[in-house]
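Below is one structure; the comments refer to it alone.
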Amino acid sequence: MTSHSVKNINSHSILVGEQVTVNGWLRSVRVSKGGFSFLSVHDGSCFDGIQVIADNELENYEAVTHLSVGCAVSINGELRESQGRGQDFEIQASSIVVVGDVDDPETYPISKKRHTFEFLRTVAHLRPRTNTFGAMARLRHNTAAAVHQYFDERDFMWVNTPIITASDCEGAGELFRVSVLDSINNKQQSYEEDFFGQETFLSVSGQLNVESFCEALTKVYTFGPTFRAENSNTSRHLAEFWMIEPEIAFADLEDNADLAESFLKVVCRTVLDRSLEDLEFFNKQIDNQVLNRIQGIIENDFIRLDYSDAIKELQASKKKFEFPVEWGKDLQSEHERFLTENIFKVPVIVMNYPKIIKPFYMRQNDDGNTVAAMDVLVPGVGEIVGGSQREERLEYLDARMTEPMKEELWWYRDLRRYGTVPHAGFGVGFERILLYLSGMENIRDAIPFPRVPKNASF
Ligand code: 4AD
Ligand code: MG
């Protein structure tokens, strides 16, 4: 028999009086004295569940009253308008089939009471059954769809860059090694004997590869997993996260900043339409600034200022920071957040950073000291976007590469020898967008199964 999703029913697409079948998991059972019970059934298709009325006409009514939270059921019955508050519809059950029982209700970790997010991380296989993580899963899907839609409508091509790579794009040395050699048992082997015959890693960024497609297809983007072995146990860093990286040819840093601003605005707008129900939940239960902050991105022009001016603003603020504010030092997350949350109160694009703190591929400015880099900072999260105009002139690029780098990245240098053009791009952390949209505190709760130092279970 074909079944109906709770979303279908709640969106009024099925007529009252029709026979429906709904499959899902029990969130609650309330047994009434008068020979009937209320079941709440969720299938994850939307935020709400559906209320099911079971009465003692059912042949297995006695068993139904003993069902516990978490078991899987298949309900058949008549759709009715609900008299109760909180829902438009309910199902008067004519049959309730228990598809998967809960062996030992005492041990089922997801009871109806509120759990801490720390606890739920220890039962990551079951947390999608909670309101928050169901909402997060739908939000993640809708945001990914909005990202692809944004680029598709603007004729960008999605390019799938490799996950296994030989190069460290960001030059920060935060690489996970990929090897079939047995290093634990200390066999003395060389990289020539390894699977790829050379040293290989999980990619920290698809940028270098996507640049090659940019110089052929003009407007491209990557959207995939990236890996960083940075040992920062923060609420903003994952060892495995998803990154969106557009790259545009015949474009400079201003074009890049325009693209980043437009991207964030349009994606927020689209997600607001697609995920309103879940966003309203986050606004009510998690952070009452969620909807305001999303409007803040959509409605405000982002402030653009040079790194040097950002340093001056921070110094003039007289605020005591943990890390010193000084020209030539990277901005720390406390500085970034202070700029966007306290000084400007809108998203900020910081541009033209000192050359010494930025990777080799960024384009050198005429002053000789800075590069055409940009970071977008947003309230509540801090850095959400990092990007730059790329160095398209071979002699300048070479000046920032070591000899081994030149050898290994010979193909990247080739792009500067054959039809090179000014081009630019950026990376957006997908989970950072989700933190912004949901108001959740910890990035470990913005990805289905987080990978962080000392934890890769599930
Ligand atoms: O600033 P990042 O390191 O830039 C790059 O990787 C460039 N190659 C991107 C490009 O120009 N194509 O990273 C980009 C973004 C950051 O702004 C942040 O949002 C996110 O990726 N990010 C992380 N998100 C979660 N966990 C981590 N460990 C992250 N590191 C960076
Ligand atoms: Mg960055």
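Each ligand, and each atom within it, is numbered from 1 in the order the structure gives.
- In this structure, Arg363 does not pair ionically with Asp252, as no charged nitrogen and carboxylate oxygen lie closer than 4.0 Å.
- Of the heavy atoms in Glu247, none comes closer than 4.0 Å to ligand 1.
- Using a 3.5 Å distance cut-off with no hydrogens or angles, the side chains of Tyr361 and Glu211 do not pair a donor with an acceptor.
- A cation-pi arrangement is not found for Arg432 relative to Tyr436, the charged atom failing to lie both closer than 6.0 Å to the ring centre and inside a 45° cone about the ring normal.
- The protein atom (non-hydrogen) at minimum distance from atom 12 (N) of ligand 1 is Glu245 OE1, 2.7 Å.
- Proximity of the aromatic rings of Phe176 and Phe227 is defined here by a centroid distance below 6.0 angstrom, and this criterion is not met.
- Between Phe321 and Phe338, the angle of the ring planes goes over 60°, which puts this pair in the perpendicular group of the 30/60° scheme.
- Residue Glu230 has at least one heavy-atom neighbour below 4.0 Å for each of these atoms of ligand 1: 27 (C), 28 (N), 30 (N).
- Cation-pi contact between Arg400 and Tyr396: absent, since separation from the ring centre below 6.0 Å together with deviation from the ring axis within 45° is not met.
- Using a 4.0 Å heavy-atom cutoff, Arg390 is listed among the residues neighbouring ligand 1.
- To the nearest 0.5 Å, atom CD of residue Gln389 and atom CE of residue Met362 are 11.5 Å apart.
- At a heavy-atom distance under 4.0 Å, no atom of Lys358 approaches ligand 1.
- For Arg432, every heavy-atom contact with ligand 1 shorter than 4.0 Å involves the side chain, none the backbone.
- Residues Phe426 and Ile244 have side chains not in contact (no heavy-atom distance under 4.5 Å, counting atoms from C-beta outward).
- Closest protein heavy atom to atom 3 (O) of ligand 1: Arg228 NH1, 2.8 Å.
- Within ligand 1, counting atoms from 1 as listed, the ones closer than 4.0 Å to a heavy atom of Gly387 are 11 (O).
- Aromatic ring centres of Phe223 and Phe430 lie closer together than 6.0 Å.
- Only the side chain of Tyr361 comes within 4.0 Å of ligand 1, judged by heavy-atom distances.
- Taking a cutoff of 4.0 Å between a charged side-chain nitrogen and a carboxylate oxygen, Glu391 and Arg393 qualify as a salt bridge.
- The protein heavy atom nearest to atom 26 (N) of ligand 1 is Leu238 N, 3.0 Å.
- In this structure, the protein non-hydrogen atom closest to atom 20 (C) of ligand 1 is Gly429 CA, 3.6 Å.
- There is a side-chain donor-acceptor pair under 3.5 Å between Thr370 and Asn365.
- The residues Arg138 and Glu277 are annotated as not salt-bridged, no charged nitrogen and carboxylate oxygen being separated by less than 4.0 angstrom.
- At the top of the distance list for atom 15 (C) of ligand 1, counting protein heavy atoms only, stands Gly427 O, 3.6 Å.
- Distances below 4.0 Å separate heavy atoms of Ile443 from the following atoms of ligand 1: 25 (C).
- Residue Glu170 touches ligand 1 through its side chain alone, judged by heavy-atom distances below 4.0 Å.
- Listed by chain and number, the protein N, O or S atoms at a distance under 2.8 Å from the Mg ion (ligand 2) are Glu383 OE2.
- For ligand 1, the atoms lying closer than 4.0 Å to a non-hydrogen atom of Arg236 are 25 (C), 26 (N).
- Between the CG atom of Asp168 and the OG atom of Ser205 there is a distance of 10.0 Å, given to the nearest 0.5 Å.
- Only backbone heavy atoms of Phe426 (N, CA, C or O) come within less than 4.0 Å of ligand 1; its side chain stays farther off.
- Using a 30° and 60° split on the angle between ring planes, Phe47 and Phe281 fall in the tilted class, from 30° to 60°.
- Summary of contacts: the protein heavy atom closest to atom 25 (C) of ligand 1 is Phe241 CG, 3.5 Å.
- Taking only nitrogen or oxygen atoms, main chain and side chain alike, Val428 does not reach within less than 3.5 Å of ligand 1.
- Between Arg140 and Glu431, at least one side-chain nitrogen of the basic residue sits less than 4.0 Å from a carboxylate oxygen of the acidic one, meeting the salt-bridge criterion.
- Below 4.0 Å from some heavy atom of Met243 lie the following atoms of ligand 1, by number and element: 6 (O), 13 (O), 14 (C), 15 (C), 21 (O).
- Contacts between Asp375 and ligand 1 below 4.0 angstrom, taking non-hydrogen atoms only, are absent altogether.
- Checked by distance only, ligand 1 and Ile384 come closer than 3.5 Å through their nitrogen or oxygen atoms.
- Using a 4.0 Å cut-off between a side-chain N of Lys or Arg and a carboxylate O of Asp or Glu, Glu254 and Arg304 qualify as a salt bridge.
- Nearest protein heavy-atom contact of atom 16 (C) of ligand 1 is Glu383 OE2, 3.2 Å.
- With a 4.0 Å cut-off on non-hydrogen atoms, Val385 touches ligand 1 through its backbone and not its side chain.
- Atoms CG and OG, from Asn23 and Ser74 in turn, are 4.0 Å apart once rounded to the nearest 0.5 Å.
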